[in-house]
Amino acid sequence: MSDTSPKLRAELDGIPTYKPGRPAAVGEAVSYKLSSNENPYPPLPGVMESVLASAGAFNRYPDMACTGLTSELADRFEVPVSHVATGTGSVGVAQQLLQATSGPGDEVIYAWRSFEAYPIITQISGAASVKVPLDADAVHDLDAMVDAITDRTRMIFVCNPNNPTGTVVRRAELERFLDRVPTDILVVLDEAYREFIRDTEVPDGVEIYRERPNVAVLRTFSKAYGLAGLRVGFAIAHERVAAALRKTAVPFGVSQIAQDAAVASLRAEEELLERVAELVGERARVCEALRGQGWTVPDTHANFVWLGLGERTADFAVECERSGVTVRPFVGEGVRVTIGEYKANDLFLRTAESFREEI
């Protein structure tokens, strides 16, 4: 009997599954979720009021063009409105970029390990992934990435800071890299964690984009701004690329609630910066404590830390969960741990110390 089921694209066979961070354990004991790089603080001032006002009209479609939000972003970053495009989180915008640039027979380059959505959305587009290993310091090997370019390369992701290691590419090395990349290849600077950077040598991608038409910058409201559950991100790119993003966007993909919350968040920047500063302070405390315990911790410029545990990764994640914190394991490689509330960080540090003593 012949197979009568619908024919599906062969590119979907064997596609890796995105693994979200495990939720906090449910039970009587207090448990903390440090697995998804979420902001532990509640919505910024004015955001909840904006959400409640928008909720009364969700029987209506949202503004498909995200007019208010794109205008606010254009003013905030001093770019033309036509250079701004929105989507369902920065990963949604990344997928739109792939739809606009890459298909069967094309190649997309990115570091590995990096953001785990890259291989998924690349395979969905039909393009082939070219994974370039991080260097010995868990940093992008930009020279190797240039060497990987072929006449089939259509797009390159540079995740800065890199997820999950937290490491960064600095201005001089990024400029040298961009000088070597052919101008018909789109370079995407994925800056989901930009707000947590304190190193002045790490460039703001928006400043890089201004002089380079083949550079696009991804940002999100999910991390520092604390809107992870509303799914809104954006790209800043030159007009031709931004126009392509609008063509590939899911119609009405960004809800009106998300749009209004993002605008309110942009207008609460003073409070945002205070919260980010507190998290950066906690990041420094956690890193110092881990190194004091004997761990090797890459310098992180995001809201998480990376422990390269290799074959002990799964054991460590289980031990953390038993102690009341969930972390994000990458089996056989290491764990990524979000900087959360003070109590959550302390609980993680106690677990790390006892685990270290057993090694």
Side-chain angles (χ1 to χ4, degrees), residues 18-21 23 33 35-77 79 81-100 115 117 120-121 124-125 163 188 190-195 216-237 241-269 271-272 275-276 303:
Y18 185 88
K19 297 178 181 178
K33 183 184 179 187
S35 54
S36 295
N37 299 341
E38 297 157 332
N39 190 319
Y41 296 109
L44 289 160
V47 174
M48 186 59 74
E49 293 82 355
S50 172
V51 166
L52 291 174
S54 298
F58 63 55
N59 58 307
R60 305 293 185 184
Y61 285 110
D63 174 7
M64 192 171 83
C66 297
T67 307
L69 176 56
T70 54
S71 177
E72 196 83 18
L73 288 166
D75 289 344
R76 167 66 179 76
F77 292 99
V79 300
V81 171
S82 61
H83 287 206
V84 180
T86 57
T88 54
S90 57
V91 68
V93 184
Q95 186 163 6
Q96 292 165 231
L97 284 168
L98 277 159
Q99 289 176 306
F115 183 31
I120 298 171
I121 58 179
I124 289 173
S125 76
N163 176 12
V188 181
D190 188 345
E191 298 185 336
Y193 302 93
R194 170 68 203 171
E195 294 81 3
V217 181
L218 293 183
R219 298 280 179 89
T220 183
F221 285 93
S222 296
K223 308 304 181 185
Y225 287 91
L227 302 183
L230 292 181
R231 310 311 304 129
V232 54
F234 62 97
I236 295 176
V241 174
L245 280 169
R246 287 187 282 275
K247 291 177 182 178
T248 53
V250 175
F252 305 109
V254 181
S255 72
Q256 196 63 49
I257 290 175
Q259 294 178 43
D260 294 346
V263 169
S265 295
L266 285 168
R267 293 176 180 176
E269 187 168 41
E271 292 88 348
L272 170 77
R275 292 181 176 187
V276 169
N303 68 332

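Scope of the values below: all heavy atoms of this structure, side chains included, with no hydrogens, waters or symmetry mates.
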Separation of [Y] [atom2] from [X] [atom1] (nearest 0.5 Å):
X	Y	atom1	atom2	answer
Ser54	Gln256	OG	CD	6.0 Å
Leu73	Arg219	CG	CZ	10.0 Å
Glu269	Arg76	CD	CZ	4.5 Å
Phe234	Glu72	CZ	CD	11.5 Å
Leu245	Gln99	CG	CD	9.5 Å
Arg267	Leu272	CZ	CG	15.0 Å

Considering non-hydrogen atoms only, spot the tightest contact between [X] and [Y] and give its length.
X	Y	value
Val51	Ala261	CG2-CB, 3.8 Å
Ser222	Arg231	OG-NH1, 2.9 Å
Ala262	Val232	CB-CG1, 4.3 Å
Asp63	Gln259	O-NE2, 3.0 Å
Asn39	Gly226	CB-CA, 3.9 Å
Ser82	Arg246	O-NH2, 3.1 Å

Under the criterion side chain to side chain contact (heavy atoms under 4.5 Å, CB included), which of Leu218, Thr248, Ile121 is the partner of Leu97?
Leu218
Please tell me if the side chains of Arg275 and Leu44 come closer than 4.5 Å, counting only heavy atoms from C-beta onward.
yes
Flag, side chain of Glu49 to backbone of Gly46, donor-acceptor distance under 3.5 Å
yes
Step-by-step side chain to side chain contact (heavy atoms under 4.5 Å, CB included) determination, Phe115 to Asp190:
CA-CA 9 Å; Phe115 183 31; Asp190 188 345; 4.2 Å; yes
Show your working on side chain to side chain contact (heavy atoms under 4.5 Å, CB included) between Asn37 and Asn163 and close with a plain yes or no.
CA-CA 10 Å; Asn37 299 341; Asn163 176 12; 4.1 Å; yes
Heavy-atom count check: over 12 atoms from other residues, nucleotides or ligands less than 6.0 Å from Phe252 CZ?
yes
Given side chain to side chain contact (heavy atoms under 4.5 Å, CB included), test Phe77 with Val84 step by step and report yes or no.
CA-CA 10 Å; Phe77 292 99; Val84 180; over 6 Å; no
Side chain to side chain contact (heavy atoms under 4.5 Å, CB included) evaluation trace for Thr220 with Tyr225
CA-CA 8 Å; Thr220 183; Tyr225 287 91; over 6 Å; no
